[in-house]
Amino acid sequence: MRNIKFKIGALIFLLFIFNNCGFKPVYKLSESSIDFRSYSLLLMNETDVSREIKEEIKKSFNSRSEVKKDYVIEIDIVENLDPLITNTDGTVAKYRIEIMLNFKVRDKNNNSYLIEDMVRGFAQYTVETSEIESNEKKNRMSRIATNNAIQMMFSKIQSDTSITNDN
């Protein structure tokens, strides 16, 4: 009985200590989060990337918004398709898709760059016997990898902006 009371007391003590330690998550979207509707989008190499990637990026930005666009995000997209597993007959059994977004955030008012960074998104897929099914899987995984990269880009912009605002 005494041992149980000691464990409960220690647990309550640790919870009290960690509750008041001042931890603040860096990538958490909060009340001070950025309104990405004030950002416009500019794809630098739009003709060189697949339709799925362009649609996924444009879907993430609300272009019909009536909010004044103060910032421009310039994105240069690199799409890599690497074989992971090759069969003994030379055919590829599994691919990895890597989407790299090199982005710059530019202030429209004074035409200066605020942030310049790069993010990556990954996905894998196995090749199916049907070419149609394989292409559908590839397109779906391209969307997933692009979405992962976009989420990381939003987090980096949010983090860099909040650090700038704190200083």
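For the numbers below, each heavy atom of this structure counts, side chains included, while hydrogens, waters and symmetry mates do not. Note that the numbering runs from 1 along the sequence shown for the chain.
In this structure, Ile77 and Ile53 have side chains that are in contact, with non-hydrogen atoms separated by less than 4.5 Å. Residues Ile115 and Ile157 meet the side-chain proximity criterion, which asks for heavy atoms closer than 4.5 Å. The shortest side-chain heavy-atom distance between Ser40 and Lys108 falls under the 4.5 Å cut-off. Between Val127 and Lys137, the closest side-chain pair of non-hydrogen atoms is not below 4.5 Å. In this structure, Arg120 and Ile99 have side chains that are not in contact, with every pair of non-hydrogen atoms separated by 4.5 Å or more. Inter-residue side-chain proximity for Ile57 and Leu101 is flagged as met; some heavy-atom pair is nearer than 4.5 Å.
Interatomic distance, Ser142 OG to Asn135 CG, rounded to the nearest 0.5 Å: 10.0 Å. Atoms OG and CZ, from Ser112 and Arg106 in turn, are 9.5 Å apart once rounded to the nearest 0.5 Å. A distance of 8.5 Å separates CG of Asn111 from CG of Asp107, quoted to the nearest 0.5 Å. One finds the CE atom of Met118 at 7.0 Å from the NZ atom of Lys156 (value rounded to the nearest 0.5 Å).
A salt bridge links Glu55 with Arg51: the distance from a Lys NZ or Arg NE/NH1/NH2 to an Asp or Glu carboxylate oxygen falls below 4.0 Å.
Grouping the Ile, Leu, Val, Met, Phe, Trp and Tyr side chains by contacts below 4.5 angstrom, directly or via other members, places Val119 apart from Met100. When the side chains of ILVMFWY residues are joined at heavy-atom separations under 4.5 Å, either directly or via intervening members, Leu43 and Val49 end up in a single hydrophobic cluster. Put simply, Val105 and Leu41 are part of the same group of oily side chains (I, L, V, M, F, W, Y) that touch within less than 4.5 Å, one to the next. There is a path of hydrophobic side-chain contacts, each under 4.5 Å, that joins Ile97 to Met152.
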Step by step, work out the side-chain contact (heavy atoms from CB on, under 4.5 Å) result for Asn80 and Val78. CA-CA 7 Å; Asn80 292 327; Val78 178; 4.0 Å; yes
Walk me through whether Thr86 and Lys94 qualify under side-chain hydrogen bond (donor to acceptor under 3.5 Å, both in side chains). CA-CA 7 Å; Thr86 307; Lys94 191 172 194 175; over 6 Å; no
Which is it for Leu114 and Tyr71 under the side-chain contact (heavy atoms from CB on, under 4.5 Å) test, yes or no, and what are the steps along the way? CA-CA 9 Å; Leu114 305 174; Tyr71 304 100; 3.4 Å; yes
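Between Ser134 and Glu128, the closest heavy-atom pair is OG-N, 2.8 Å. Of all heavy-atom pairs spanning Met141 and Ala123, the tightest one is O-CB, 3.4 Å. Nearest heavy-atom pair, Leu81 versus Pro83, reported as atom, atom and distance to 0.1 Å: O-CD, 4.1 Å. Closest heavy-atom contact between Asn45 and Ile75: OD1-O, 4.2 Å. Taking each heavy atom of Ala149 and Gly121 in turn, the nearest pair found is CB-N, 3.7 Å. Across Ile73 and Met153, no two heavy atoms sit closer than the pair CG2-SD, 4.2 Å.
When the salt bridge (Lys or Arg N to Asp or Glu O under 4.0 Å) test is applied to Glu56, the partners found at least two apart in sequence or on another chain are Lys59, Arg143.
Residue pairs satisfying the ring-ring contact (aromatic ring centres under 6.0 Å, His included) criterion with at least one member in residues 78-113, sequence neighbours excluded, are listed as follows: Tyr95-Tyr125.
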